[in-house]
Amino acid sequence: MSAEYLSIKKILSQPIIDCDAEIKGWVRSVRKSKKFSFIVLNDGSCQATLQIIADATIDDYENISTMLAGTCVSIVGKLVESGGKGQKVEMQASQVEIVGKVDASYPLQKKATSLEYLREQAHLRPRSNLFGAIFRIRHHMSMATHRFFGDQEFYYLHSPILTAVDAEGAGEMFNVTSLNLNNLPMKKDGKVDFAKDYFGKPANLCVTGQLEAECFALGMGKVYTFGPTFRAENSNTPRHLSEFWMIEPEVAFMDLEGNAKLAADYIKYLINYTFEHCPDELEALSNYHKFNAKQNGEEFVDHLTVLDKVRKSEFERITYTEAIKILAAAKHEFEFKPDWGVELQTEHERFLAEVHFKGPVTVTDYPKDFKAFYMKQNDDGKTVRAMDVLVPGVGEIIGGSQREEDFEKLSARIEEDGMSKNPLWWYLELRKFGSAPHSGFGLGFERAIRYITGMKNIRDVIAFPRTPQNCDF
Ligand code: 4AD
Ligand code: MG
């Protein structure tokens, strides 16, 4: 009788005992004695490991009992109730097959491996306890996103990745071309002849899917995108990636109030869903942060306690003008002086969320000068219906706004920003044919994962981070 191949997750969650099974995974450790050895195995299906007892009588015992951590094995045996504390089930092996060996140079063998070191081993870090936890949480946060919007009758839209417009008007785009860069076709005026390029004009990787989502919101009511976005900004920080994932809901007939509520509900849903689906992963992360705090002699604040409070509380709401007043009155040395009209810096955002409000805060009605052209203009002529959600530890996690639905005002604003209206003709036409008030926002997925996992660097919550000067793997 051949034993059924089962995941450790399945074995432990039922639990399955008194039955033969086959398991496959990577050895965490082997403890050898004369008569038998204990093998600790992880297969990535869950946080837990399974202990296997291999008797000295099994075939190839000498090799098996001296396997190094990281060896890939396939084991057949009987699942039995465990006598040891902690685990419900263990396996009595009848056959252990070494599928893939490792040698002493296996990079993940050392006990204490720093995050910097693991980033250089990005192809192997999925095998570690820590990265297993982070990426199972990432998976569940994706599922949570589809569930949250799906349950509220949003439609999932796949917005294009190749685009000819600069949708944020910030000029931070990666160009896409099929021209030979060593032999570019030139025009008489000395500029590159993009008419000869693949699309007959310059094209880029998208920085957002918002403008396309607006088209669909003004036809299907409620949509959201969930896809990769690309920004060629030269920011080497723990919160910037050159390629990151964004979730962008866009809703017809919704104003800024509704937008702020949707954003807060979504963040709380992500926390609740992760608490429900990933308790073991969250606990592992909490222990990891506790261990690190102790190593570094820092005070340990359990991020799970903080998240638990957040999911049960209201988000604070202030305007940009109020935020500046709070910052200006604060007894705190800022590198950048908080003045009305200047952009909020990370230090300002974090002060508001961490020190002043001690929780998430939604800041609205920013000066139009440093916000994108598409935001609805307020009657004061100075501010727009923008909103940013700031959270402790991360800063801005969501950026959004009510959109300008008036054709004339939008046209004027595009001109004011020195942008060309030509490539945006279709976006402007939305305001000419059956326009409606509408709003939306973008949640930076990796920033949200940072928030929920408590990880301090965004490079550790995306599979293979792309940052300036770094596109390995
Ligand atoms: O504030 P942003 O630039 O807003 C937009 O792109 C709008 N089109 C969204 C909308 O209204 N539909 O970006 C949204 C979020 C930020 O709040 C941040 O969390 C994340 O995307 N983000 C980044 N995350 C990682 N690396 C970067 N370089 C990021 N830039 C923005
Ligand atoms: Mg923003």
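We count ligands from 1, going down the list as the structure has it; atoms in each ligand are counted the same way.
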Item to check | Ring geometry between F334 and F351 (parallel below 30°, tilted from 30 to 60°, perpendicular above 60°) | outcome: perpendicular
Checklist entry - Are there more than 12 heavy atoms of other residues, nucleotides or ligands under 6.0 Å from atom CZ of F291? => result no
Checklist entry - Hey, are E214 and Y374 close enough side-chain-wise for a donor-acceptor pair under 3.5 Å? => result no
Next on the checklist: Could you check whether T145 and Y266, counting side-chain N and O atoms only, form a donor-acceptor pair closer than 3.5 Å?
Outcome noted: yes
Next on the checklist: Parallel, tilted or perpendicular, judged at 30° and 60°: which one describes the rings of Y224 and F154?
Outcome noted: perpendicular
Checklist entry - Would a line drawn from the ring center of Y155 to the ring center of F216 be shorter than 6.0 Å? => result no
Next on the checklist: Counting only heavy atoms and a distance below 4.0 Å, can you name the residues contacting ligand 1?
Outcome noted: E168, T208, Q210, R231, E233, R239, H240, L241, F244, M246, E248, Y374, E396, I397, I398, G399, G400, R403, G440, F441, G442, G444, R447, I458
Next on the checklist: With 2.8 Å as the threshold, which protein atoms of type N, O or S lie near the Mg ion (ligand 2)? Leave waters out.
Outcome noted: E396 OE2
Next on the checklist: Please verify the inter-ring angle class for Y427 with F373; under 30° counts as parallel, over 60° as perpendicular, anything in between as tilted.
Outcome noted: perpendicular
Checklist entry - Does a donor on one side chain and an acceptor on the other come within less than 3.5 Å for H303 and Y451? => result no
Checklist entry - Parallel, tilted or perpendicular for F445 and F226, by the 30°/60° rule? => result perpendicular
